[in-house]
Amino acid sequence: MPDPVVLFFILGVIAALIRSDLKIPGILYESLSIFLLLAIGLKGGVALSKHQPGELLVPITIVLAAATLVPIIGFAIARYVGQYDRANAGALAAHYGSVSVVTFAVASSFLMRQAVEAEDYMSVFLVILEIPGLLIGVALARMGASQTRWLPLIHEILTGKSIMLLVGGLIIGYVCGEEGAASITPLFFGLFKGLLAIFLLEMGLVTAGRVGDLKRSGIFLVSFGVIMPLLGATIGLLTALGLGLSVGGSTLLATLFASASYIAAPAAVRMAVPEANPSLSIGASLGVTFPFNITIGIPLYYAASQWLIGGQS
């Protein structure tokens with residue numbers, strides 16, 4: 001049986017393509033995005049509170065090191081295969097070097113339906129992977145340029161909505177612990193999947209609106225939007241194997257490496273690389289990679305995790 005949250009996304013796509021007047025109020029979309037970011041941060045913080053300080057230092061370092069490969073590979077493909085200029089290749093690299101919170105949430109929902117457990121600290125990886133890929137992509141885009149204002153850019157990234165809510169939720173969850181967070185668990189954990197479904201309905205409407213950008217961009221951008229998540233997932237799976245993660249944890253790490261940002265990255269790239277065409281990077285990340293991941297990619301990464309990780313046990 002398909003996951004209901006994915007069907008909500010498909011409903012949104014269909015509604016947009018047949019020109020239905022279905023719309024999600026902007027204030028509701030913003031509210032849902034705040035809820036999802038806080039809920040994921042809180043879950044990671046509660047999980048982190050169960051571990052000794054420094055216990056996750058080595059896994060975090062390894063994951064960060066492996067994740068740097070994704071924007072570098074993305075830049076090389078866009079620059080030398082797609083023949084994009086440095087600005088647009090770097091913008092694409094930044095979007096694919098960062099991660100998608102919503103894709104991670106869908107993967108978590110998928111594992112719940114499969115009754116598969118994952119390491120409780122996977123949300124910590126989500127938080128730390130938001131930032132480095134953005135900085136690497138921007139650095140590749142601005143290489144050789146002296147006018148880049150790095151301090152304002154770093155400030156913009158660190159104080160953006162996604163990072164503030166994820167890190168804030170992580171800290172609150174860590175400080176309160178499982179017992180302290182029990183009073184808000186029914187809201188943030190109990191209602192998570194239902195509110196995610198409504199959010200994905202809106203994402204379906206938005207994704208269908210990017211079809212025009214893809215038509216104008218040609219076959220390369222569509223191919224890039226499928227190849228990059230597959231390459232990223234492969235790196236994620238090999239990293240998970242090296243860390244000894246479970247099948248569930250490996251699926252989530254592969255999903256993180258395969259995902260592309262369409263919330264934090266556009267704002268950072270708009271500030272740092274204003275000459276880049278946003279329809280290329282957003283069209284690929286939201287119009288191709290996001291729907292690919294939540295319909296085909298996540299089940300594929302789960303099956304690969306079962307074969308690679310499950311076969312080792």
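These numbers come from a predicted model, not from an experiment. Values reported hereafter were calculated over all heavy atoms of this structure, with side chains retained and with hydrogens, waters and symmetry mates removed.
Using a 4.5 Å cut-off on side-chain heavy atoms (C-beta onward), Thr255 and Asn293 make no contact. Using a 4.5 Å cut-off on side-chain heavy atoms (C-beta onward), Ile73 and Ile235 make contact. Residues Leu253 and Met122 are in side-chain contact: their nearest non-hydrogen atoms beyond the backbone lie under 4.5 Å apart. Side-chain contact between Leu129 and Leu64 is present, with heavy atoms from C-beta onward closer than 4.5 Å. Under the 4.5 Å side-chain criterion, counting only non-hydrogen atoms from C-beta, Ile298 is not in contact with Asp3. Side-chain contact between Leu140 and Ile136 is present, with heavy atoms from C-beta onward closer than 4.5 Å. Looking at heavy atoms from C-beta onward, Leu245 lies out of side-chain contact with Leu252 at the 4.5 angstrom threshold. Using a 4.5 Å heavy-atom threshold, the side chains of Phe125 and Ile60 count as touching.
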Checking Leu7 against Leu11 for the side chain to side chain contact (heavy atoms under 4.5 Å, CB included) test, could you report, in this order, the C-alpha distance in whole Å, the side-chain angles of both residues, the deciding distance, and whether it holds? CA-CA 6 Å; Leu7 296 181; Leu11 174 61; over 6 Å; no
Chi angles and distances behind the side chain to side chain contact (heavy atoms under 4.5 Å, CB included) call for Thr207, Tyr262: CA-CA 11 Å; Thr207 299; Tyr262 52 83; over 6 Å; no
Does the pair Ile40 and Phe104 meet the rule for a side chain to side chain contact (heavy atoms under 4.5 Å, CB included), with working shown? CA-CA 9 Å; Ile40 291 172; Phe104 178 85; 4.2 Å; yes
Could you go through the side chain to side chain contact (heavy atoms under 4.5 Å, CB included) check for Leu36 and Leu196 one step at a time? CA-CA 7 Å; Leu36 293 175; Leu196 173 63; 4.1 Å; yes
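Contact record, Ala276 with Ala91: CB-CB, 3.8 Å, taken as the closest heavy-atom pair. Nearest heavy-atom pair, Val46 versus Ala181, reported as atom, atom and distance to 0.1 Å: CG2-CB, 4.0 Å. The two residues Val13 and Ala208 have their closest heavy-atom pair at O-CB, 3.9 Å. Between Leu170 and Gly44, the closest heavy-atom pair is CD1-C, 3.4 Å. Nearest approach of Gly232 to Val70, heavy atoms of both residues: CA-CG2, 4.4 Å. Nearest heavy-atom pair, Lys193 versus Arg113, reported as atom, atom and distance to 0.1 Å: NZ-CG, 3.3 Å.
The main-chain N or O of Ala94 is never found under 3.5 Å from a side-chain atom of Ser98 such that the two would form a donor-acceptor pair. Side chain of Thr289 to main chain of Gly225: a donor-acceptor pair is present (N/O by atom type, distance under 3.5 Å, no hydrogens or angles). Side chain of Ser250 to main chain of Ser246: a donor-acceptor pair is present (N/O by atom type, distance under 3.5 Å, no hydrogens or angles). The closest donor-acceptor contact from the side chain of Ser259 to the backbone of Ser100 lies under 3.5 Å. A donor-acceptor pair is defined here as one N or O able to donate and one able to accept, closer than 3.5 Å; no such pair exists between the side chain of Ser109 and the backbone of Ala105.
Val106 and Phe189 fall within the same hydrophobic cluster, where Ile, Leu, Val, Met, Phe, Trp and Tyr residues are linked whenever their side-chain heavy atoms come under 4.5 Å apart, directly or through other members. Linking ILVMFWY side-chain heavy atoms closer than 4.5 Å, directly or via other members, places Leu241 and Val247 in a single hydrophobic cluster. Hydrophobic cluster membership is shared by Ile171 and Val101, with clusters built from Ile, Leu, Val, Met, Phe, Trp and Tyr side chains linked at under 4.5 angstrom. Neither Met112 nor Leu256 shares a network with the other; the hydrophobic side chains, linked directly or stepwise wherever heavy atoms of I, L, V, M, F, W or Y lie under 4.5 Å apart, form separate groups for each. Phe8 and Leu17 fall within a single hydrophobic cluster, where Ile, Leu, Val, Met, Phe, Trp and Tyr are joined by side-chain heavy atoms under 4.5 Å apart, directly or via other members.
Checked against salt bridge (Lys or Arg N to Asp or Glu O under 4.0 Å), Glu117 has no partners two or more places apart in sequence or in another chain. Under the side chain to side chain contact (heavy atoms under 4.5 Å, CB included) criterion, Tyr84 pairs with Ala78, Asn88, Ala89, Leu92, Phe220, Leu221, Leu280, sequence neighbours left out.
Counting non-hydrogen atoms of neighbouring residues, nucleotides and ligands closer than 6.0 angstrom, the NE2 atom of His51 exceeds 12 such neighbours. Environment of CD1 in Ile18: crowded, with over 12 heavy atoms of neighbouring residues, nucleotides or ligands closer than 6.0 Å. Residue-environment remark: NZ (Lys161) exceeds the threshold of 12 foreign heavy atoms within 6.0 Å.
Taking OG1 from Thr251 and CG from Leu300, the interatomic distance works out to 10.5 Å, rounded to the nearest 0.5 Å. Taking CG from Leu231 and CG from Leu69, the interatomic distance works out to 11.0 Å, rounded to the nearest 0.5 Å. In this structure, NZ in Lys23 is found 12.5 Å from CG in Leu201, a value given to the nearest 0.5 Å. The OG atom of Ser123 lies 10.0 Å from the CG atom of Leu42; values are rounded to the nearest 0.5 Å. Between atom OG1 of residue Thr103 and atom CZ of residue Phe290 there is a gap of 5.0 Å, rounded to the nearest 0.5 Å. Interatomic distance, CD1 of Ile24 versus CD of Glu30, reported as 13.5 Å (0.5 Å rounding).
With ring centers used as reference points, Phe35 lies 6.0 Å or more from Phe199.
The only member of Phe257, Phe224, Phe75 that meets ring pair (Phe, Tyr, Trp, His ring centres under 6.0 Å) when paired with Tyr96 is Phe224.
In this model, no donor atom of one side chain and acceptor atom of the other lie less than 3.5 Å apart for Lys43 and Ser108.
Listed by first then second residue, pairs satisfying salt bridge (Lys or Arg N to Asp or Glu O under 4.0 Å) with a partner in residues 163-181 read Lys50-Glu178, not counting sequence neighbours.
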